[in-house]
Amino acid sequence: MNQHTICTLDDIIPDTGVCALVDGKQIAVFRTTQNDLFALDNYDPFSQANVLSRGLIGGTSIASDTGTTEDVLYVASPIYKQRFNLATGQCLDDANTKINSYRVGLDINNVIIFSE
Amino acid sequence: MNSTTASTAERGNLVVIGNGMVGHHFIERAIEQGLHQQFDIHVFAEEDRPAYDRVYLSSYFEHKDASKLNLVDLSAYELSKINLHLNQRIINIDAANQCITTESGEQIDYSELVLATGSYPFVPPIPGREHAHCHVYRTIADLDEILAIAELPAVKKGVVVGGGLLGLEAAKALVTLGLDTYVVEFAPQLMGVQLDAAGGDILKRKIEALGVTVLTGKNTKEIITNSSFDPNDTSTDAHCLTMQFTDDTILDTDMIVFSAGIRPQDSIIKNNPECGIEMGGRGGILIDGQCRTNANHVYAIGECAVWDNKVFGLVAPGYSMASICAAQIAGQEAQIFTGADMSTKLKLMGVDVGSIGDAHGKTDDSLSYLYQNPAEGIYKKLVTTADNKHLLGAVLVGDTEDYNNLLQLYLNDIDLPAHPESLILPNVEKPVMGIENLPDTATICSCYNVTKGTICSAVENGAYSIADVKAATSAGTGCGGCAPMVKDTVSYQLTALGFEVNNNLCEHFAYSRQDLYNLVRVHGIRTFDELLTSHGSGHGCETCKPTVASILASCWNDHILKSELTPLQDSNDYYLGNIQKDGTYSVVPRVPGGEITADKLIVLGQVAKEFNLYTKITGGQRVDLFGARMEQLPDIWSQLVEAGFETGHAYGKSLRTVKSCIGNNWCRYGVDDSIGLALRLEDRYKGVRSPHKIKMGVSGCMRECAEAQSKDFGMIATENGWNLFVCGNGGITPRHAELFATDLDTETMVKYIDRIIMFYIKTADKLQRTSKWRESLEGGLEYLQSVIIDDSLGIADELEAQMQLLIDNYVCEWAATISNTEKLKRFRHFVNSEKGDDNVVFVQEREQIRPATDAEKTTIKLVELA
Ligand code: SRM
Ligand SMILES: Cc1cc2nc3c(=O)[nH]c(=O)nc-3n(C[C@H](O)[C@H](O)[C@H](O)COP(=O)(O)OP(=O)(O)OC[C@H]3O[C@@H](n4cnc5c(N)ncnc54)[C@H](O)[C@@H]3O)c2cc1C
Ligand code: SF4
Ligand code: FES
């Protein structure tokens with residue numbers, strides 16, 4: 001497991017994302033209003049462009065198979081607006097599409113991405 | 001992938017017989033499909049000229065210039081290596097050995113063979129019909145012969161046999177040639193195929209008014225030649241021919257044109273039954289839905305083909321066969337020919353006749369509605385189903401204005417209004433169509449070809465939100481242009497299922513946009529979080545965030561990249577440019593009124609060159625620069641701002657352009673200074689955020705070169721001031737702007753526009769253009785006029801003051817951004833590296849860049865590695 005410090009928390013405006021280059025890979029890192037951090041692939045499989053860090057963050061509640069509802073946060077692609085669960089990378093508009101999610105954390109004020 | 005240029009030896013021949021309208025259309029589609037790269041294409045034509053427009057054949061008598069009818073660009077044929085063999089009739093097909101024989105005995109092999117031999121005019125077997133003064137009406141050569149006879153000094157009279165669509169056209173032509181013209185029809189009425197008796201009657205009177213004598217119910221027994229007729233002797237009244245009818249009456253004439261119907265041209269096959277190609281019971285070449293005959297690699301298209309027992313004597317069905325056939329040969333089997341609508345309109349000047357569907361009311365239990373106005377020679381008939389709900393057919397004589405509307409109702413099987421007769425009555429406002437009137441088969445999303453029916457059944461199966469419907473059907477997930485229609489369809493279906501459809505913005509706000517606007521104003525709310533905490537729930541989403549951002553801007557006009565506002569913006573507003581498919585952005589500086597100095601043009605050119613941007617003149621009279629990487633935007637805009645440009649808000653829901661004509665400074669017709677007004681308006685309203693974009697146009701006179709009447713606001717100069725048009729739209733659902741007030745002086749007009757825009761901002765739904773907003777206003781245009789002109793709500797002063805606040809707070813967003821290091825921080829692709837996005841790759845096309853396709857990207861990467 002490798003750790004990569006990519007920026008400070010202040011470099012990310014709350015409720016937006018940035019894109020980081022980690023081992024040659026583009027990773028979108030999001031900061032919510034509650035200062036939670038999430039990291040997903042920056043590559044949007046629908047538009048085939050590296051843009052997800054520039055998407056809008058939203059929230060919705062979705063029904064699970066067991067009948068309970070769950071609140072999820074997502075990012076909507078700026079190109080064709082497909083939504084991806086920030087925590088899991090699952091696309092909310094297409095059950096067959098899931099992008100990679102990454103572990104991301106905070107060390108004092110530094111944003112850190114963990115990669116294999 | 002390698003391009004398929006096999007050596008000539010391996011290439012087969014694609015042979016087309018016939019270069020008529022459909023044969024030519026096939027060649028065009030074949031080139032589009034790239035078949036000319038796969039085959040050597042040979043076209044054999046019996047006529048001595050390339051394809052021409054037979055539909056407009058009659059116009060030849062007026063201009064006598066065959067080139068005006070020509071359809072073929074020979075250089076395009078040459079470029080695609082199409083071998084056109086004129087004057088070469090094909091007389092045999094050997095389907096077993098895949099070869100054909102020309103009249104001169106030459107044999108040509110084919111890999112694929114397309115028969116497009118059209119049809120020939122039917123001449124009834126009347127004794128005497130071989131006389132040199134008897135003709136048919138099909139080719140330019142026929143018309144030349146008719147012309148030559150008509151010009152003989154003693155030829156004064158002409159008869160057309162056949163009172164159908166083509167016969168009447170021929171009759172009109174004979175009148176043009178100065179002949180005393182008769183139409184002889186076997187049936188008791190004219191155009192019996194398309195019209196009922198009463199319609200035929202009115203038509204007869206119209207035709208007679210053109211100077212044609214119409215004889216119906218006449219069957220010709222024999223044509224007798226008058227051997228003493230001298231075509232050059234004008235001293236006698238002698239005529240060349242005498243027609244004897246079965247009722248023992250006679251008619252003298254100098255020429256006869258037969259127009260008694262067409263028969264498919266199938267002689268190649270009829271004369272060579274051993275070729276084994278199947279024919280229809282009444283002639284013609286049998287084809288299936290893919291235009292294939294029973295012989296391998298042999299197709300037939302156009303009027304020679306018989307599909308489902310039918311021959312189609314119109315050009316449109318032939319064209320669809322041509323496309324289908326080309327796609328078939330290219331190996332794309334998506335489309336299938338499923339028949340064609342035979343509704344028709346006669347195209348004679350001065351005689352309007354239209355016929356749709358079951359004009360005769362032959363369907364069981366059908367109902368007919370009639371409107372007759374004998375004084376003006378108007379006859380209209382509707383045929384509906386027994387329950388009055390659907391249109392089965394229509395006949396229009398003397399007035400065909402309703403033709404297209406009725407045709408839509410018929411083709412889409414749309415529910416008719418409660419009183420169907422209103423559709424043909426004069427001076428009645430014709431009903432307009434909403435979602436409820438569209439048929440289930442109507443396409444809502446053209447990107448994914450999703451119909452109304454598909455969306456409705458998705459809703460029925462539990463997709464109760466737009467997002468669910470998108471996920472279930474893909475509707476709205478392509479270009480997004482259909483989103484409003486998808487939404488309307490979903491609401492329509494939810495209502496139909498008994499749900500109460502609320503006007504809530506989204507799951508986070510149980511308010512409409514209009515309610516939120518009022519809340520923001522009344523409580524002086526300045527941030528999204530304030531509004532969410534006080535009146536919403538949850539986190540917010542891609543619907544409510546930009547909407548609230550727009551409302552906040554419409555109320556306070558703060559810089560949209562203020563950090564609390566930043567997260568709300570759509571990526572376009574977020575980076576002050578329109579995002580493109582590859583993640584780059586476009587740059588559109590404002591060019592007010594389309595007026596630009598040479599120096600500024602040079603700057604645009606220099607910037608485009610320095611940053612290697614694709615350059616295009618937009619439909620809005622300015623220049624768009626594409627392909628800017630996000631990290632380049634600040635540098636590009638620094639140079640532009642330096643040169644005096646401002647942002648053009650191409651990304652914003654706000655004023656786009658004020659399109660202008662040149663006006664009275666230069667134009668000899670200009671009555672006022674359209675450019676001056678355009679500059680003033682563009683300067684006044686730039687940057688004002690609104691529910692959707694606003695476009696304006698100013699024309700210097702009623703010639704309307706600025707297309708002002710298709711804009712949200714259109715101004716047209718008059719001798720006494722300006723006519724103001726409002727709520728027009730191009731785009732997805734075009735709507736003409738309506739005349740709001742006339743002969744206004746500039747100051748009053750600007751006041752009105754201030755008030756209308758502000759009233760629109762206050763009351764419109766999210767992403768609702770002024771056209772849709774105006775349609776949603778109860779009380780319509782008159783209500784709007786009363787609010788704006790008569791100040792019926794007493795809010796005019798307030799509206800003007802609020803507009804003034806927005807105008808006073810204007811700053812160019814780009815000028816403000818480039819001077820602020822905090823704001824500039826976000827314009828880099830990586831937060832932790834100075835590199836750019838290596839997935840943004842361009843290739844050159846027409847001397848400019850464009851995004852590389854996936855295949856190109858792979859090749860480019862391989863080259864770089866090597
Ligand atoms: C560049 C331009 C095409 C061109 O090369 O000519 C263009 C390009 C775009 N148009 Fe347009 N439209 C352009 C003139 C038009 C016109 C013609 C006009 O304004 O005279 C129309 C029809 C007139 C009208 O709007 O009433 C037009 C109707 C649309 C629509 C449909 C709007 C509607 O109400 O139906 C959209 C979609 C939307 O806004 O939701 C659209 C959306 C777009 C977007 C913004 C799509 C997008 O979100 O990426 C395109 C990207 C622009 C960019 O990247 O800079 N564009 N678009 C034109 C820019 C004009 C300008 O200088 O600002
Ligand atoms: C006066 C007039 C008005 C019309 N008005 C309308 C109208 O308003 N709307 C409408 O939809 N349609 C109209 N039509 C019908 C329309 O012109 C035809 O539907 C259309 O031309 C059919 O195209 P095609 O290619 O199948 O046949 P054609 O255009 O007839 O072409 C067939 C070609 O094949 C050639 N050919 C035949 N046999 C051979 C052979 N053995 N070897 C080589 N070549 C051969 C023929 O010489 C001919 O040039 C009108 C027709 C006429 C004559
Ligand atoms: S420029 Fe306008 S019309 Fe052209 S593709 Fe884009 S949105 Fe469609
Ligand atoms: S038309 Fe529906 S997404 Fe394009």
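Only heavy atoms go into these numbers, but all of them, side chains included; no hydrogens, no water, no symmetry mates. Chain letters run A, B, ... following the sequence lines, proteins first and then strands; every chain starts at 1.
The contact between A:A20 and chain B is made by backbone and side chain atoms together, counting heavy-atom distances below 4.5 Å. Residue A:S53: no heavy atom, backbone or side chain, is found under 4.5 Å from chain B. B:D529 touches chain A through its side chain: at least one heavy atom from C-beta onward sits under 4.5 Å away, while N, CA, C and O do not. Using a 4.5 Å cut-off between heavy atoms, A:N50 contacts chain B through both its backbone and its side chain.
Expressed to the nearest 0.5 Å, how far CG of A:L21 lies from CG of B:N832 amounts to 6.0 Å. One finds the OG atom of A:S47 at 9.5 Å from the CG atom of B:D582 (value rounded to the nearest 0.5 Å). Distance check: B:F830 CZ to A:C7 SG gives 13.0 Å after rounding to the nearest 0.5 Å. A distance of 8.5 Å separates NZ of B:K470 from NZ of A:K81, quoted to the nearest 0.5 Å. Rounded to the nearest 0.5 Å, atoms OH (A:Y74) and CD (B:E542) are 3.5 Å apart.
In this structure the side chain of B:K545 reaches within 4.5 angstrom of the side chain of A:I57, judged on heavy atoms.
Contact record, B:G583 with A:A49: N-CB, 4.1 Å, taken as the closest heavy-atom pair. Heavy atoms only, all atoms of each residue included: A:I13 and B:R826 are closest at CD1-CD, 3.3 Å. Taking both residues in full, the closest heavy atoms of A:C19 and B:H829 are given as CB-O, 3.2 Å, listed atom of the first, atom of the second, then distance. Residues A:I6 and B:V831 share a closest heavy-atom pair of O-CG1, 4.1 Å.
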Evaluate A:Q48 against B:N839 for side chain to side chain contact (heavy atoms under 4.5 Å, CB included), listing each step before the verdict. CA-CA 9 Å; A:Q48 303 178 334; B:N839 193 33; 5.6 Å; no

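Between the side chains of A:D71 and B:H539, no donor-acceptor pair is found at a separation under 3.5 Å.
The candidate from A:V51, A:T60, A:D11 with the greatest count of non-hydrogen atom pairs under 4.5 Å with chain B is A:T60. Among B:M630, B:R828, B:K825, the residue with the largest count of heavy-atom pairs under 4.5 Å with chain A is B:M630.
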